[in-house]
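For the single chain, residues carry numbers from 1 onward in sequence order.
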Amino acid sequence: MSKKPALVVLAAGMASRYGSPKQLDAVGPHGEGIIDYSVFDAARAGFGKVVFVIKEQSADSFDAAFMQLRQNIDVEYAFQDRLPPPRQKPWGTGHALLSAADKVSEPFAMINADDYYGQSAFVSAAKFLADRKSNSLEFGMLGYALRDTLSPHGSVSRGLCNADEQGKLVSIVEHTKIVSEKGDIVSLHDDGSSIQLTGSEPTSMNFWLLTPAIFSHLRGGLERFLESFGDSEKEEFVLPNFIGELIDQQIASVAVLGHSDT
(Lines give C-alpha, C1' and ligand atoms only; values in the text may rest on other atoms or scores of the structure.)
Protein backbone atom coordinates (compact mmCIF):
# COMPACT_ATOMS: atom_id res chain seq x y z
CA MET A 1 0.00 0.00 0.00
CA SER A 2 1.33 3.44 -0.91
CA LYS A 3 1.93 6.04 1.75
CA LYS A 4 -0.56 8.79 2.32
CA PRO A 5 0.67 12.11 0.87
CA ALA A 6 2.26 14.68 3.16
CA LEU A 7 1.53 18.39 3.50
CA VAL A 8 4.41 20.87 3.84
CA VAL A 9 3.34 24.24 5.25
CA LEU A 10 5.70 27.21 4.85
CA ALA A 11 5.36 29.18 8.07
CA ALA A 12 8.81 30.66 8.73
CA GLY A 13 8.11 34.08 7.18
CA MET A 14 9.10 37.02 9.33
CA ALA A 15 5.85 38.94 8.62
CA SER A 16 7.80 42.20 8.73
CA ARG A 17 5.02 44.23 7.07
CA TYR A 18 2.32 42.64 9.18
CA GLY A 19 4.17 43.26 12.45
CA SER A 20 3.51 39.89 14.14
CA PRO A 21 3.46 36.15 13.37
CA LYS A 22 0.14 36.18 11.53
CA GLN A 23 0.28 32.41 10.93
CA LEU A 24 -1.21 31.81 14.38
CA ASP A 25 -3.80 34.60 14.36
CA ALA A 26 -7.40 33.55 15.01
CA VAL A 27 -9.85 34.16 12.14
CA GLY A 28 -12.59 31.59 12.83
CA PRO A 29 -15.56 31.77 15.21
CA HIS A 30 -13.86 29.50 17.75
CA GLY A 31 -10.35 30.89 17.47
CA GLU A 32 -9.30 28.87 14.42
CA GLY A 33 -6.37 30.14 12.38
CA ILE A 34 -6.03 29.81 8.63
CA ILE A 35 -3.59 26.93 9.16
CA ASP A 36 -6.21 25.08 11.21
CA TYR A 37 -8.58 25.09 8.25
CA SER A 38 -5.86 23.95 5.82
CA VAL A 39 -4.62 21.10 8.00
CA PHE A 40 -8.15 19.97 8.86
CA ASP A 41 -9.11 19.97 5.17
CA ALA A 42 -5.92 18.08 4.29
CA ALA A 43 -6.56 15.40 6.92
CA ARG A 44 -10.13 14.90 5.64
CA ALA A 45 -8.80 14.59 2.08
CA GLY A 46 -6.44 11.77 3.07
CA PHE A 47 -3.13 13.43 3.87
CA GLY A 48 -1.27 11.53 6.57
CA LYS A 49 1.29 14.03 7.82
CA VAL A 50 1.90 17.76 8.04
CA VAL A 51 5.38 19.26 8.22
CA PHE A 52 5.52 22.87 9.40
CA VAL A 53 8.59 24.78 8.17
CA ILE A 54 9.15 27.32 10.93
CA LYS A 55 11.80 29.28 12.79
CA GLU A 56 13.21 27.19 15.62
CA GLN A 57 12.18 29.76 18.24
CA SER A 58 8.54 29.34 17.17
CA ALA A 59 8.39 25.59 17.91
CA ASP A 60 6.82 25.90 21.37
CA SER A 61 4.12 28.28 20.12
CA PHE A 62 3.24 26.00 17.22
CA ASP A 63 3.26 22.90 19.39
CA ALA A 64 0.81 24.49 21.82
CA ALA A 65 -1.41 25.80 19.04
CA PHE A 66 -1.65 22.51 17.14
CA MET A 67 -1.66 19.91 19.91
CA GLN A 68 -5.22 18.87 19.05
CA LEU A 69 -4.35 18.37 15.38
CA ARG A 70 -2.30 15.32 16.35
CA GLN A 71 -5.56 13.44 16.86
CA ASN A 72 -6.19 13.51 13.10
CA ILE A 73 -2.78 13.81 11.45
CA ASP A 74 0.91 13.39 12.29
CA VAL A 75 2.66 16.71 12.98
CA GLU A 76 6.37 17.36 12.45
CA TYR A 77 8.58 20.46 12.30
CA ALA A 78 11.43 21.49 10.04
CA PHE A 79 13.50 24.56 10.87
CA GLN A 80 14.49 27.09 8.23
CA ASP A 81 17.85 28.34 9.46
CA ARG A 82 19.15 31.78 8.59
CA LEU A 83 22.66 32.13 7.26
CA PRO A 84 25.21 34.30 9.13
CA PRO A 85 24.87 38.13 9.27
CA PRO A 86 24.32 40.49 7.56
CA ARG A 87 21.40 38.38 6.36
CA GLN A 88 18.32 39.12 8.49
CA LYS A 89 15.63 37.10 6.73
CA PRO A 90 15.20 33.55 5.40
CA TRP A 91 16.47 32.70 1.94
CA GLY A 92 13.07 32.35 0.29
CA THR A 93 10.55 29.64 -0.54
CA GLY A 94 13.01 27.36 -2.34
CA HIS A 95 15.25 27.30 0.72
CA ALA A 96 12.23 26.86 3.00
CA LEU A 97 11.08 23.77 1.12
CA LEU A 98 14.60 22.33 1.12
CA SER A 99 14.57 22.64 4.92
CA ALA A 100 11.90 19.92 4.98
CA ALA A 101 13.83 17.44 2.83
CA ASP A 102 14.70 15.12 5.73
CA LYS A 103 11.06 15.02 6.86
CA VAL A 104 9.42 14.02 3.58
CA SER A 105 9.82 10.70 1.76
CA GLU A 106 6.42 10.57 0.05
CA PRO A 107 4.67 12.69 -2.61
CA PHE A 108 3.52 15.92 -0.98
CA ALA A 109 1.70 19.21 -1.35
CA MET A 110 3.31 22.49 -0.36
CA ILE A 111 1.29 25.56 0.69
CA ASN A 112 1.67 28.92 2.36
CA ALA A 113 0.62 29.14 6.00
CA ASP A 114 -1.36 32.35 5.56
CA ASP A 115 -3.46 31.57 2.46
CA TYR A 116 -6.89 29.91 2.49
CA TYR A 117 -7.23 27.30 -0.25
CA GLY A 118 -10.59 25.60 0.28
CA GLN A 119 -11.44 22.00 1.13
CA SER A 120 -11.94 20.80 -2.43
CA ALA A 121 -8.40 21.93 -3.32
CA PHE A 122 -6.97 19.34 -0.94
CA VAL A 123 -9.24 16.64 -2.40
CA SER A 124 -7.89 17.45 -5.88
CA ALA A 125 -4.34 17.50 -4.55
CA ALA A 126 -4.69 14.13 -2.80
CA LYS A 127 -6.08 12.50 -5.96
CA PHE A 128 -3.21 13.85 -8.05
CA LEU A 129 -0.54 12.76 -5.56
CA ALA A 130 -2.02 9.27 -5.21
CA ASP A 131 -0.81 8.52 -8.74
CA ARG A 132 2.71 9.87 -8.24
CA LYS A 133 5.81 7.82 -7.49
CA SER A 134 8.38 9.35 -5.13
CA ASN A 135 10.99 9.59 -7.92
CA SER A 136 8.62 11.23 -10.41
CA LEU A 137 9.44 14.64 -11.85
CA GLU A 138 5.88 15.09 -13.09
CA PHE A 139 4.59 17.71 -10.68
CA GLY A 140 1.37 19.68 -10.37
CA MET A 141 -0.04 22.94 -9.05
CA LEU A 142 -3.47 24.29 -8.21
CA GLY A 143 -4.46 27.15 -10.51
CA TYR A 144 -7.11 29.54 -9.19
CA ALA A 145 -9.10 31.94 -11.38
CA LEU A 146 -7.59 35.38 -10.88
CA ARG A 147 -10.95 36.95 -9.99
CA ASP A 148 -11.21 34.60 -6.99
CA THR A 149 -7.89 35.76 -5.56
CA LEU A 150 -8.38 39.54 -5.59
CA SER A 151 -8.75 41.80 -2.57
CA PRO A 152 -11.34 44.55 -2.13
CA HIS A 153 -8.78 46.45 -0.06
CA GLY A 154 -6.23 47.38 -2.70
CA SER A 155 -3.78 45.86 -5.13
CA VAL A 156 -2.36 42.34 -4.98
CA SER A 157 0.72 40.62 -6.39
CA ARG A 158 -0.08 37.45 -8.32
CA GLY A 159 1.71 34.96 -10.55
CA LEU A 160 -0.35 34.36 -13.70
CA CYS A 161 0.17 30.96 -15.30
CA ASN A 162 0.68 30.17 -18.97
CA ALA A 163 -0.17 26.58 -19.90
CA ASP A 164 0.06 24.64 -23.15
CA GLU A 165 -2.74 22.71 -24.87
CA GLN A 166 -2.09 19.69 -22.64
CA GLY A 167 -2.53 21.78 -19.50
CA LYS A 168 1.18 21.74 -18.68
CA LEU A 169 2.71 24.83 -17.12
CA VAL A 170 4.88 26.84 -19.51
CA SER A 171 5.65 29.85 -17.31
CA ILE A 172 4.48 31.99 -14.41
CA VAL A 173 4.54 35.74 -14.97
CA GLU A 174 4.59 37.82 -11.81
CA HIS A 175 2.28 40.86 -11.79
CA THR A 176 3.08 42.99 -8.75
CA LYS A 177 0.12 45.41 -8.79
CA ILE A 178 -3.24 44.01 -9.90
CA VAL A 179 -6.33 46.04 -9.03
CA SER A 180 -10.06 45.53 -9.51
CA GLU A 181 -12.02 48.73 -10.06
CA LYS A 182 -15.64 48.99 -11.21
CA GLY A 183 -15.58 45.49 -12.67
CA ASP A 184 -12.32 45.99 -14.55
CA ILE A 185 -9.22 43.99 -13.59
CA VAL A 186 -5.97 45.71 -14.50
CA SER A 187 -2.27 45.01 -14.00
CA LEU A 188 -0.44 48.29 -13.39
CA HIS A 189 3.22 48.72 -14.30
CA ASP A 190 5.82 51.03 -12.77
CA ASP A 191 6.21 52.94 -16.04
CA GLY A 192 2.54 53.95 -15.97
CA SER A 193 1.36 51.42 -18.53
CA SER A 194 -1.26 48.78 -17.78
CA ILE A 195 -2.69 45.49 -19.06
CA GLN A 196 -6.39 44.64 -19.08
CA LEU A 197 -7.08 41.19 -17.61
CA THR A 198 -10.19 39.03 -17.87
CA GLY A 199 -10.19 37.56 -14.35
CA SER A 200 -10.23 34.00 -15.67
CA GLU A 201 -6.43 33.72 -15.88
CA PRO A 202 -5.06 30.69 -13.96
CA THR A 203 -3.23 32.07 -10.95
CA SER A 204 -0.66 30.50 -8.68
CA MET A 205 -1.29 30.70 -4.94
CA ASN A 206 1.82 28.65 -4.16
CA PHE A 207 -0.07 25.35 -3.87
CA TRP A 208 2.43 22.92 -5.40
CA LEU A 209 2.12 19.15 -5.80
CA LEU A 210 5.60 17.66 -5.68
CA THR A 211 7.67 14.57 -4.92
CA PRO A 212 10.95 14.03 -3.02
CA ALA A 213 12.71 13.93 -6.40
CA ILE A 214 12.74 17.74 -6.34
CA PHE A 215 15.11 17.94 -3.37
CA SER A 216 18.33 16.95 -5.14
CA HIS A 217 17.62 19.56 -7.81
CA LEU A 218 16.82 22.15 -5.13
CA ARG A 219 20.18 21.54 -3.45
CA GLY A 220 22.00 22.20 -6.67
CA GLY A 221 19.87 25.26 -7.36
CA LEU A 222 20.58 26.71 -3.92
CA GLU A 223 24.32 26.16 -4.37
CA ARG A 224 24.25 28.09 -7.64
CA PHE A 225 22.11 30.81 -6.07
CA LEU A 226 24.56 31.28 -3.20
CA GLU A 227 27.47 31.49 -5.61
CA SER A 228 25.79 34.52 -7.19
CA PHE A 229 23.92 36.08 -4.27
CA GLY A 230 25.57 34.71 -1.11
CA ASP A 231 26.41 38.22 0.11
CA SER A 232 22.99 39.69 -0.62
CA GLU A 233 20.70 40.79 2.19
CA LYS A 234 17.52 40.74 0.05
CA GLU A 235 17.75 38.33 -2.91
CA GLU A 236 15.65 35.18 -2.44
CA PHE A 237 15.79 31.67 -3.84
CA VAL A 238 12.17 31.57 -5.02
CA LEU A 239 10.52 28.20 -5.68
CA PRO A 240 8.30 29.21 -8.67
CA ASN A 241 11.32 30.65 -10.48
CA PHE A 242 13.33 27.50 -9.81
CA ILE A 243 10.53 25.22 -11.02
CA GLY A 244 10.34 27.41 -14.11
CA GLU A 245 14.01 26.64 -14.73
CA LEU A 246 13.34 22.90 -14.45
CA ILE A 247 10.55 23.27 -17.01
CA ASP A 248 12.75 25.29 -19.39
CA GLN A 249 15.47 22.62 -19.15
CA GLN A 250 12.85 19.88 -19.73
CA ILE A 251 13.83 18.24 -16.45
CA ALA A 252 10.34 18.44 -14.95
CA SER A 253 6.76 19.09 -16.01
CA VAL A 254 3.91 20.67 -14.05
CA ALA A 255 0.23 19.95 -14.65
CA VAL A 256 -2.02 22.93 -13.91
CA LEU A 257 -5.13 21.73 -12.10
CA GLY A 258 -8.02 24.13 -12.63
CA HIS A 259 -9.66 25.05 -9.36
CA SER A 260 -12.37 27.28 -7.95
CA ASP A 261 -13.43 27.35 -4.32
CA THR A 262 -15.51 30.25 -3.06
Side-chain angles (χ1 to χ4, degrees), residues 9-11 13-20 22-23 25 27 34-35 37-38 41 89-90 92-94 96-97 109-122 124-125 139-209 232 234-248 253-262:
V9 181
L10 303 190
M14 297 183 69
S16 56
R17 289 179 295 175
Y18 187 75
S20 65
K22 62 180 177 178
Q23 296 92 341
D25 277 3
V27 297
I34 290 177
I35 299 180
Y37 288 105
S38 292
D41 289 340
K89 61 185 298 187
T93 51
L97 178 57
M110 190 210 80
I111 63 171
N112 294 331
D114 51 4
D115 284 321
Y116 176 76
Y117 294 99
Q119 195 264 332
S120 64
F122 291 94
S124 297
F139 303 142
M141 62 159 286
L142 271 292
Y144 290 73
L146 174 62
R147 66 173 66 88
D148 295 333
T149 74
L150 301 177
S151 170
H153 304 295
S155 65
V156 297
S157 177
R158 294 288 183 261
L160 304 188
C161 304
N162 297 317
D164 62 20
E165 294 180 354
Q166 287 73 45
K168 301 292 187 180
L169 183 66
V170 175
S171 65
I172 298 179
V173 180
E174 192 71 22
H175 291 253
T176 59
K177 193 174 184 180
I178 297 177
V179 297
S180 178
E181 297 179 346
K182 299 179 180 178
D184 290 330
I185 301 174
V186 179
S187 175
L188 304 176
H189 297 169
D190 291 339
D191 62 4
S193 62
S194 64
I195 297 176
Q196 188 83 25
L197 301 169
T198 67
S200 62
E201 292 84 357
T203 303
S204 171
M205 296 298 289
N206 224 31
F207 195 140
W208 294 94
L209 311 177
S232 171
K234 295 183 178 180
E235 293 291 335
E236 295 188 3
F237 180 49
V238 182
L239 183 65
N241 293 351
F242 176 74
I243 291 178
E245 294 176 9
L246 295 183
I247 293 172
D248 291 341
S253 64
V254 177
V256 179
L257 280 63
H259 182 69
S260 178
D261 204 328
T262 55

Notebook entry, point to check: With sequence neighbours excluded, what pairs up with S155 under the side chain to side chain donor-acceptor pair (under 3.5 Å) test?
Noted result: none
Item checked: From CA spacing to verdict: side-chain contact (heavy atoms from CB on, under 4.5 Å), C161, E201 -> CA-CA 7 Å; C161 304; E201 292 84 357; over 6 Å; no
Notebook entry, point to check: With sequence neighbours excluded, what pairs up with I247 under the side chain to side chain contact (heavy atoms under 4.5 Å, CB included) test?
Noted result: L169, I243, V254
Item checked: Residues in side chain to side chain donor-acceptor pair (under 3.5 Å) contact with D191, at least two apart in sequence or another chain -> S193
Check: For T149, what residues pass the side chain to side chain contact (heavy atoms under 4.5 Å, CB included) criterion, not counting sequence neighbours?
Finding: Y144, L146, R158, T203, M205
Notebook entry, point to check: Which residues pass the side chain to side chain donor-acceptor pair (under 3.5 Å) test with S194, sequence neighbours left out?
Noted result: none
Note to self: Please enumerate all residues that pass side chain to side chain donor-acceptor pair (under 3.5 Å) together with N241, with sequence neighbours excluded.
What the structure shows: none
Note to self: Can a donor-acceptor pair be found, under 3.5 Å and without considering hydrogens, that links the side chain of T93 to the backbone of L239?
What the structure shows: yes
Next item on the list: Can you run down the ring pair (Phe, Tyr, Trp, His ring centres under 6.0 Å) pairs that involve residues 152-208, sequence neighbours left out, and say none if there aren't any?
Entry: Y117-F207, F122-F207
Check: Looking at CD1 of I111 and CD1 of I35, how far apart are the two atoms once the value is rounded to the nearest 0.5 Å?
Finding: 8.0 Å
Check: Can you list the residues that meet the side chain to side chain contact (heavy atoms under 4.5 Å, CB included) rule with Q196, with sequence neighbours excluded?
Finding: D184, V186
Next item on the list: Sequence neighbours left out, what passes side chain to side chain contact (heavy atoms under 4.5 Å, CB included) with E181? Give chain and number order.
Entry: V179
